[in-house]
Every structure is written in C-alpha cells, then in structure tokens.
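What follows is one structure encoded as structure tokens, with my remarks underneath.
Convention: sequence-line order gives letters A, B, ...; per-chain numbering from 1.
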2 protein chains.
Amino acid sequence: MKAQALHGHLDALLLAVLERGALHGYAIIEALRARSGGTLDLPTGTIYPALRRLERAGLVASTWSTVNGRERRTYELTDAGGRALAGERAGWRDFSATVGRFLGADEPPAAPA
Amino acid sequence: MKAQALHGHLDALLLAVLERGALHGYAIIEALRARSGGTLDLPTGTIYPALRRLERAGLVASTWSTVNGRERRTYELTDAGGRALAGERAGWRDFSATVGRFLGADEPPAAPA
DNA sequence: GCACGACAAGTAGCGTTGCTACGCATGAAG
DNA sequence: CTTCATGCGTAGCAACGCTACTTGTCGTGC
C-alpha cells in the first residue's frame with residue numbers, strides 16, 4: 001500500500017490499537033506496523049498530532065512516565081473512546097460495504113482465494 | 001452513512017461508475033445514489049471538480065452534446081482510466097483488508113449474516 | 001571523549017481532497 | 001410569469017495526513 005492515505009480512518013485505527021492495551025506513541029507506530037504486516041508504517045508527524053486530537057476530544061487519556069531516563073507519554077482508551085470506537089467500527093462497515101459495492105471484492109459470494 | 005468522507009476513493013468510485021457506460025455529470029450523481037442504495041448523495045460541487053481532475057489526468061474523456069437545448073458533458077472512461085480503475089481496485093482491496101484487520105468485520109472467517 | 005544510531009516526543013508548513021454555498025441557463029408546468 | 005427540475009460550473013473553506021525538522025537520552029564503537 002502507499003502507506004499513506006488513511007483518510008479519516010486514522011482515528012479509528014488508533015483507537016483500535018489502544019483497545020488492546022495502553023501504549024506510548026512510538027509503540028503505537030510499531031504495533032500498527034506489526035499488526036498490518038508492515039503495510040502501515042506511519043511517521044511520527046502523523047500519529048502524534050492525531051493522538052493529541054484524540055486526547056483533546058476525550059477519547060484517550062495520557063500519562064507521562066520516565067523509563068530509563070526517557071520520557072514516555074502512554075495513551076489509554078477512555079470510556080468515550082471505547083464508545084467512539086464502536087461507532088467507528090459501524091461507520092467502517094458501512095463505508096467499506098458501500099465502496100465495496102462499486103469496487104467489488106468486498107463480499108465475495110463464494111470462495112475467496 | 002455521513003454521505004461525505006469518501007476520502008480519496010472518490011476517483012475510484014467515479015471510474016467504477018463510468019465503467020458500465022458513459023454518463024454525464026448529473027447522471028453520475030444519480031447512478032451513485034441509486035447503486036449505493038441512497039447512501040452516496042454527492043453534491044455537484046464534489047463531483048464536477050473531481051471529473052475535471054480525472055479528465056486532466058487523462059482517465060476520462062468528455063464530449064459535449066445538446067439534448068433538448070440543454071448542454072451535456074458526457075464522460076467516458078479512457079484506456080488509461082480502465083487501467084487506473086484496476087489499480088484502484090487493487091488498492092482498495094489492500095486498504096480495506098488492512099483497515100479491516102483493525103476494525104474487524106471485513107473478512108468473517110466463517111458464515112456472514 | 002565524541003560521533004552515531006535507536007528510542008521518544010514534538011512542531012511548522014504544505015498539498016490534496018471534498019464540502020458548502022453560490023451563480024448561470026433552459027424547458028416544462030402551473 | 002413564476003417555480004421547479006435539469007444541467008454545468010466556480011470560489012472559498014476546513015480537515016487531514018505528510019514531509020521535514022528539532023530536541024533530548026542512552027548505548028555502542030572509535
């Protein structure tokens with residue numbers, strides 16, 4: 001993939017990653033990369049501002065800690081964040097079903113590959 | 001759906017609609033609405049500029065005609081447009097698979113609904 | 001001691017994209 | 001004559017993600 005162009009679904013992705021447990025920014029990038037099989041390799045300039053956006057919106061909460069002299073900001077999903085994630089999931093389903101209807105290959109009727 | 005937020009996939013949608021045959025702008029809007037079950041109701045200010053973008057990129061070609069005194073610009077997929085559409089399809093598959101891995105419900109392992 | 005790379009966070013500025021809100025014109029219907 | 005559906009189009013805006021850059025610590029190699 002082009003690795004970019006998450007186009008509005010970044011927030012959902014971030015929430016989904018944090019759903020499995022609190023992580024700090026750098027670790028989130030690595031989690032995204034690992035869980036996507038290397039497809040999603042997002043630069044810090046993409047996720048840090050997104051994380052702050054989510055925090056301002058009250059969907060995640062952050063706590064600072066120092067590990068080996070290095071400052072870490074660990075992000076955690078809030079209740080509102082969990083609800084938002086559920087909404088994003090529904091939205092994604094809608095979106096992918098709709099676009100998939102035009103671009104095909106979203107709901108193969110019989111056997112996939 | 002929110003009706004907006006096609007987020008980068010508008011071009012692919014447009015190409016997909018034109019794949020089934022040439023249409024003029026207004027008809028494209030209606031085709032999008034019909035084929036999406038009313039979900040996609042795009043304003044002219046969204047599709048006309050997009051169409052011109054695609055034309056400038058050589059993915060569609062337009063021809064003017066007059067129907068009942070009304071000017072119509074009919075758009076048609078070019079060869080390059082067809083190839084681009086194939087690429088967009090592949091890209092969409094990748095994208096939806098990747099995001100789906102996080103947001104779930106994209107490739108149900110067994111029986112869907 | 002010093003440089004360099006991995007870890008960790010962050011900002012500034014930019015370009016693309018789609019949306020809102022308009023404007024213009026014609027033909028049919030009332 | 002006014003209104004509505006058809007039909008095309010532009011201007012300006014806001015959001016989003018990306019590139020590029022900065023700051024700082026720790027560990028390793030020279």
Side-chain angles (χ1 to χ4, degrees), chain A residues 1-15 22-34 36 39-57 59-60 62-75 88 91-92 95 98-99, chain B residues 1-15 22-34 36 39-57 59-60 62-75 88 91-92 95 98-99:
Chain A
M1 203 157 80
K2 288 84 52 112
Q4 55 267 61
L6 278 314
H7 291 306
H9 301 103
L10 213 212
D11 292 7
L13 251 24
L14 258 12
L15 295 176
L23 290 173
H24 63 281
Y26 201 85
I28 290 176
I29 296 177
E30 292 179 329
L32 248 4
R33 189 169 41 217
S36 69
T39 302
L40 294 174
D41 196 1
L42 307 179
T44 67
T46 290
I47 71 118
Y48 287 125
L51 250 7
R52 320 200 101 227
R53 200 163 53 216
L54 291 175
E55 185 168 30
R56 246 184 302 130
L59 305 182
V60 302
S62 69
T63 44
W64 282 97
S65 57
T66 305
V67 177
N68 278 346
R70 288 203 200 88
E71 297 288 303
R72 274 186 183 173
R73 173 123 90 161
T74 302
Y75 292 90
E88 294 279 9
W92 166 254
F95 176 76
T98 301
V99 177
Chain B
M1 204 160 78
K2 290 85 49 112
Q4 55 267 60
L6 279 316
H7 290 308
H9 300 104
L10 213 212
D11 293 6
L13 252 23
L14 258 13
L15 295 176
L23 291 173
H24 63 280
Y26 201 84
I28 289 176
I29 295 177
E30 292 178 331
L32 248 3
R33 189 169 40 219
S36 69
T39 302
L40 293 175
D41 196 1
L42 306 179
T44 67
T46 290
I47 72 118
Y48 287 126
L51 251 6
R52 320 200 100 229
R53 200 162 54 217
L54 291 176
E55 186 167 29
R56 245 186 303 129
L59 305 182
V60 302
S62 69
T63 44
W64 283 99
S65 57
T66 307
V67 177
N68 280 344
R70 288 204 201 87
E71 297 287 305
R72 274 189 184 172
R73 174 124 88 159
T74 301
Y75 292 91
E88 295 278 10
W92 166 255
F95 176 75
T98 301
V99 177

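- Taking A/E71 as the reference, A/W64, A/T66 meet the side chain to side chain contact (heavy atoms under 4.5 Å, CB included) condition, with sequence neighbours excluded.
- Ring-plane geometry between B/H7 and A/H7 is classed as parallel, the angle between the planes falling under 30 degrees on a 0 to 90 degree scale with a further cut at 60.
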Task: Contact state string [nucleotides 5-14 of chain C, B base, S sugar-phosphate only, - no protein heavy atom under 4.0 Å] - done: --BSBBB---

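- Nucleotide D/dC16 holds its C1' atom 13 Å from the CG atom of A/L54, rounded to whole Å.
- Separating the CD1 atom of A/I47 from the P atom of D/dT19 is a distance of 14 Å, rounded to the nearest angstrom.
- B/H24 meets the side chain to side chain contact (heavy atoms under 4.5 Å, CB included) test with B/Y26, B/A27, B/R72, B/T74; sequence neighbours excluded.
- Checked against salt bridge (Lys or Arg N to Asp or Glu O under 4.0 Å), B/R33 has the following partners two or more places apart in sequence or in another chain: B/D41.
- Here the P atom of nucleotide D/dG9 and the CD1 atom of B/I29 are 11 Å apart, to the nearest Å.
- Rounding to whole angstrom units, NE2 of residue B/H7 and P of D/dC18 are separated by 13 Å.
- At whole-Å resolution of the value, CG in A/L10 and C1' in D/dA15 are 13 Å apart.
- D/dA14 atom C1' lies 17 Å from atom CG of B/L6, rounded to whole Å.
- With rounding to whole Å, B/I28 atom CD1 is found 12 Å from D/dG7 atom P.
- By the salt bridge (Lys or Arg N to Asp or Glu O under 4.0 Å) test, A/E30 pairs with no residue at all, sequence neighbours left out.
- Considering only residues two or more places apart in sequence or on other chains, A/R70 meets the side-chain hydrogen bond (donor to acceptor under 3.5 Å, both in side chains) condition with none of them.
- What separates CG of B/L51 from C1' of C/dG18 is a distance of 14 Å, to the nearest Å.
- Proximity of A/R53 to the phosphate of D/dG17: a side-chain N or O atom is located under 4.0 Å from OP1 or OP2.
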